[in-house]
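Each remark here refers to the structure printed beneath this line.
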Amino acid sequence: MKPAVETGNHPDGEPTLDDGVLVDSNNLHWLITDAEDLSDPVQISEIDNQPGRVRYHHPDDPDVEGIGWTEYQYDQFRDARLCYGLRQTVGDYTVHASSAIPQPVAIAGKQAVSSYYRAEYMRSRDSVASTMGITPQTVSNHWTRMRWSPGDQE
């Protein structure tokens with residue numbers, strides 16, 4: 001099962017967010033939470049089980065009026081943080097229809113590959129461990145290190 005993916009554009013050329021709360025952005029990549037009741041500051045752990053999204057803007061796409069975007073929608077914000085952290089670590093990549101690991105992810109190593117399986121295909125910890133020949137605890141450790149946290153730098 002893959003995360004829901006939506007595409008769209010900002011025809012006026014200025015990226016805007018219509019709903020949700022922008023938690024972090026890096027260039028034109030956004031981490032968004034759809035958590036309820038954010039009137040007071042909260043800890044990330046308080047919203048990790050609520051929905052979240054990662055939006056990637058494509059300003060140089062000649063086939064799109066203005067700035068195009070692709071958004072990955074997750075049931076849990078922790079998975080959105082994993083996707084965002086992965087993309088911040090390895091850069092942009094294309095998900096292949098053949099399920100092949102994209103080159104930038106493969107080059108980045110096992111931590112990136114295990115995170116890719118979760119972020120792009122929502123594979124369970126045990127499934128990723130079995131596929132990669134590592135322990136479920138190692139997968140958890142990989143995901144914890146890859147997941148974006150406040151204060152992370154490029």
Side-chain angles (χ1 to χ4, degrees), residues 1-38 42 44-125 127-128 131-132 139-140 142-154:
M1 176 170 123
K2 296 178 83 169
V5 178
E6 185 176 318
T7 59
N9 72 317
H10 304 289
D12 62 1
E14 186 64 35
T16 58
L17 182 63
D18 296 330
D19 60 348
V21 175
L22 184 64
V23 176
D24 191 63
S25 64
N26 185 319
N27 296 321
L28 294 176
H29 300 158
W30 293 357
L31 176 62
I32 305 161
T33 180
D34 293 318
E36 306 273 331
D37 190 26
L38 291 177
V42 297
I44 293 292
S45 60
E46 295 176 48
I47 61 173
D48 254 352
N49 292 323
Q50 296 190 42
R53 299 176 274 150
V54 178
R55 182 180 290 182
Y56 301 98
H57 294 90
H58 313 286
D60 299 325
D61 187 341
D63 297 327
V64 176
E65 178 186 352
I67 296 176
W69 52 263
T70 302
E71 186 173 276
Y72 292 80
Q73 302 167 351
Y74 295 92
D75 292 337
Q76 295 187 327
F77 187 58
R78 78 181 63 200
D79 291 326
R81 292 192 305 120
L82 182 65
C83 177
Y84 186 74
L86 175 63
R87 295 271 182 155
Q88 297 306 312
T89 300
V90 303
D92 286 336
Y93 56 81
T94 301
V95 178
H96 301 286
S98 67
S99 299
I101 303 294
Q103 185 176 8
V105 175
I107 290 170
K110 286 185 177 183
Q111 183 174 305
V113 171
S114 70
S115 299
Y116 173 82
Y117 282 132
R118 179 66 183 177
E120 298 296 340
Y121 297 102
M122 299 307 297
R123 301 241 333 245
S124 72
R125 181 177 73 148
S127 172
V128 172
T131 298
M132 295 184 66
V139 172
S140 291
H142 287 175
W143 291 354
T144 297
R145 286 190 297 271
M146 186 62 67
R147 198 173 276 128
W148 175 89
S149 294
D152 284 356
Q153 301 298 316
E154 257 186 75

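Excluded from the calculations below are hydrogen atoms, water molecules and symmetry mates; all remaining heavy atoms, backbone and side chain alike, are included.
- L22 contributes atom CG, which lies 11.5 Å from atom OG1 of T16 (distance to the nearest 0.5 angstrom).
- Rounded to the nearest 0.5 Å, atoms CG (N26) and CG (L31) are 11.0 Å apart.
- Rounding to the nearest 0.5 angstrom, the gap separating the CG atom in D92 from the NE2 atom in H58 is 7.5 Å.
- Formation of a donor-acceptor pair under 3.5 Å by the R123 side chain with backbone atoms of R118 is not found in this model.
- Side-chain contact check for Y84 and D24: at least one donor-acceptor pair (N or O, by modelled atom type) lies under 3.5 Å.
- Note on ring orientation: taking the six-membered ring where Trp is involved, the planes of Y56 and H29 are perpendicular (angle over 60°, cut-offs 30° and 60°).
- For the atom pair CE (M146) and CD (Q88), the distance works out to 11.0 Å, reported to the nearest 0.5 Å.
- N49 CG: more than 12 foreign heavy atoms inside a 6.0 Å radius.
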### Task
Determine, step by step, whether Q50 and E36 satisfy the side-chain hydrogen bond (donor to acceptor under 3.5 Å, both in side chains) criterion, reporting the C-alpha distance in whole Å, the side-chain angles of both residues, the deciding distance to 0.1 Å, and the verdict.
CA-CA 8 Å; Q50 296 190 42; E36 306 273 331; over 6 Å; no
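- A heavy-atom distance below 4.5 Å is not found between the side chains of Q73 and P51.
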### Message
One pair to check against side-chain contact (heavy atoms from CB on, under 4.5 Å): Y116 and V95. What are the steps and the verdict?
### Response
CA-CA 10 Å; Y116 173 82; V95 178; 3.7 Å; yes
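- Nearest approach of A106 to V113, heavy atoms of both residues: CA-CG2, 4.1 Å.
- Taking D48 as the reference, I44, F77, R78, R81 meet the side-chain contact (heavy atoms from CB on, under 4.5 Å) condition, with sequence neighbours excluded.
- W69 places none of its side-chain heavy atoms less than 4.5 Å from the side chain of P15.
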### Verdict with supporting geometry, Y117 and H142, side-chain contact (heavy atoms from CB on, under 4.5 Å)
CA-CA 12 Å; Y117 282 132; H142 287 175; over 6 Å; no
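- Considering OH of Y72 and CD of E120, their distance stands at 4.5 Å, rounded to 0.5 Å.
- A heavy-atom distance below 4.5 Å is found between the side chains of E71 and I32.
- Taken from CD in E46 to OG1 in T33, the straight-line distance is 11.5 Å, to the nearest 0.5 Å.
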